[in-house]
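Both backbone and side-chain heavy atoms feed into the values below; hydrogens, waters and symmetry mates do not. Bear in mind that the values here come from a model prediction, so they are computed numbers and not experimental data.
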Amino acid sequence: MNRSLTLLLIFALIFCAGVLALSIYPGMLQGFTVILLCLLLLLGFGLAIAIYFVRIVWQQRGRSRQRMLLRLGAIAFIFVGTYGLLKFYVPRRLAFALSRPAFEQWLFSDPPLLAAPPFAPGEPQPPIQLGAYVFDQAIADPRGGVYLRVNYHGDGLGPDILSYGFAYQPNLEGSPFGNASYQIYALGDGWYWFQASDDW
């Protein structure tokens, strides 16, 4: 029983650490949705087994019962803590805060060109590494804002592309990567992370 709970604890640690690492990059978790759902189902099955064993824990006495309860508490703490960190984008905010000086140095020394209407990205640019992030497109939108795309993937239902990245002083109308599902989230000092779809 102790061994099963230890394995479940290790699995919870690895799973949650992987999810938190992926959450650093805007759009990365959305791109792995099917894999994450399968892992969550597996994890749910493991938790169902753990709950079944809780009944056995209550039948234990002394130190064995204490160890089992500590492991179950640690597993619950890991999941609640991971949810809180994801809810407030803490890993992304920390990674961006560490990378921000590199973003600003690049932005103010080599500003990107304005996009031409209809604001579609042009030829692929050489990838640029700035701190923890690599972006493949950097475009200044005439409506306002400079957009740096760090991730993109298909929406799974058609040819539409979902783009994610960071923006400096973005506008409220849309991005050079599309206006559909356009959302911006504040990071502070004029910086935001964004998501947008080219499904016009």
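Contact detail for Gly27 and Asn151: the closest heavy-atom pair is C-ND2, 3.1 Å. Between Leu162 and Ser197, the shortest heavy-atom contact is CD2-CB, 3.4 Å. When every heavy atom of Gly174 is checked against every heavy atom of Asp141, the shortest pair comes out as O-OD2, 3.8 Å. Contact record, Tyr182 with Ala196: CD1-CB, 4.0 Å, taken as the closest heavy-atom pair. Taking every heavy atom of both residues into account, Ala167 and Pro170 meet most closely at CB-CB, 3.8 Å.
Here salt bridge (charged side-chain N to carboxylate O under 4.0 Å, His left out) pairs that include residues 180-192, with residues two or more places apart or in two chains, are Arg100-Asp189.
Follow the hydrophobic side-chain contacts under 4.5 Å out from Val134 and you never reach Leu98; the two are in separate clusters. Hydrophobic clustering of Ile, Leu, Val, Met, Phe, Trp and Tyr side chains at less than 4.5 Å, counting indirect connections, unites Val90 with Leu22.
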Report the C-alpha separation of Tyr147 and Asn171 in whole Å, then their side-chain angles, then the decisive distance to 0.1 Å, and conclude whether the side chain to side chain donor-acceptor pair (under 3.5 Å) test is met.
CA-CA 10 Å; Tyr147 293 78; Asn171 68 80; 3.3 Å; yes

Begin with the C-alpha distance, continue with both residues' side-chain angles, and end with the deciding distance and a verdict on side-chain contact (heavy atoms from CB on, under 4.5 Å) for Ile78 and Phe15.
CA-CA 10 Å; Ile78 289 167; Phe15 176 78; over 6 Å; no

Test Ser23 against Leu29 for side-chain contact (heavy atoms from CB on, under 4.5 Å), laying out the working first.
CA-CA 6 Å; Ser23 75; Leu29 284 178; 3.9 Å; yes

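Once rounded to the nearest 0.5 Å, the distance linking CD1 of Ile128 with CD of Gln137 reads 10.5 Å. Rounding to the nearest 0.5 Å gives a distance of 13.5 Å between OH of Tyr152 and OH of Tyr164. For the atom pair Leu70 CG and Ile75 CD1, the distance stands at 11.0 Å (nearest 0.5 Å). Put simply, CZ on Arg92 and CG on Leu20 are 11.5 Å apart, with the number rounded to the nearest 0.5 Å. Considering OH of Tyr89 and CG of Leu187, their distance stands at 10.5 Å, rounded to 0.5 Å. Of the inter-residue distances, the one linking Arg71 atom CZ with Leu7 atom CG reads 10.0 Å to the nearest 0.5 angstrom.
A 4.5 Å side-chain heavy-atom check between Leu130 and Ser99 finds every atom pair outside the cut-off. Within the 4.5 Å cutoff, side-chain heavy atoms of Trp191 are placed close to those of Phe103. The side-chain heavy atoms of Ile24 and Leu94, taken from C-beta on, include no pair separated by under 4.5 Å.
Checked by atom type and distance alone, the side chain of Asp198 pairs as donor or acceptor with a backbone atom of Ile161 at under 3.5 Å. Checking side-chain atoms of Gln129 against main-chain N and O of Gly131 turns up a donor-acceptor pair under 3.5 Å.
Applying the ring pair (Phe, Tyr, Trp, His ring centres under 6.0 Å) test between Phe166 and each of Phe135, Tyr25, Trp193, Tyr133 identifies Tyr133 as the sole match.
Under a cut-off of 6.0 angstrom, the local environment of OH in Tyr185 is crowded, with over 12 non-hydrogen atoms contributed by other residues, nucleotides or ligands.
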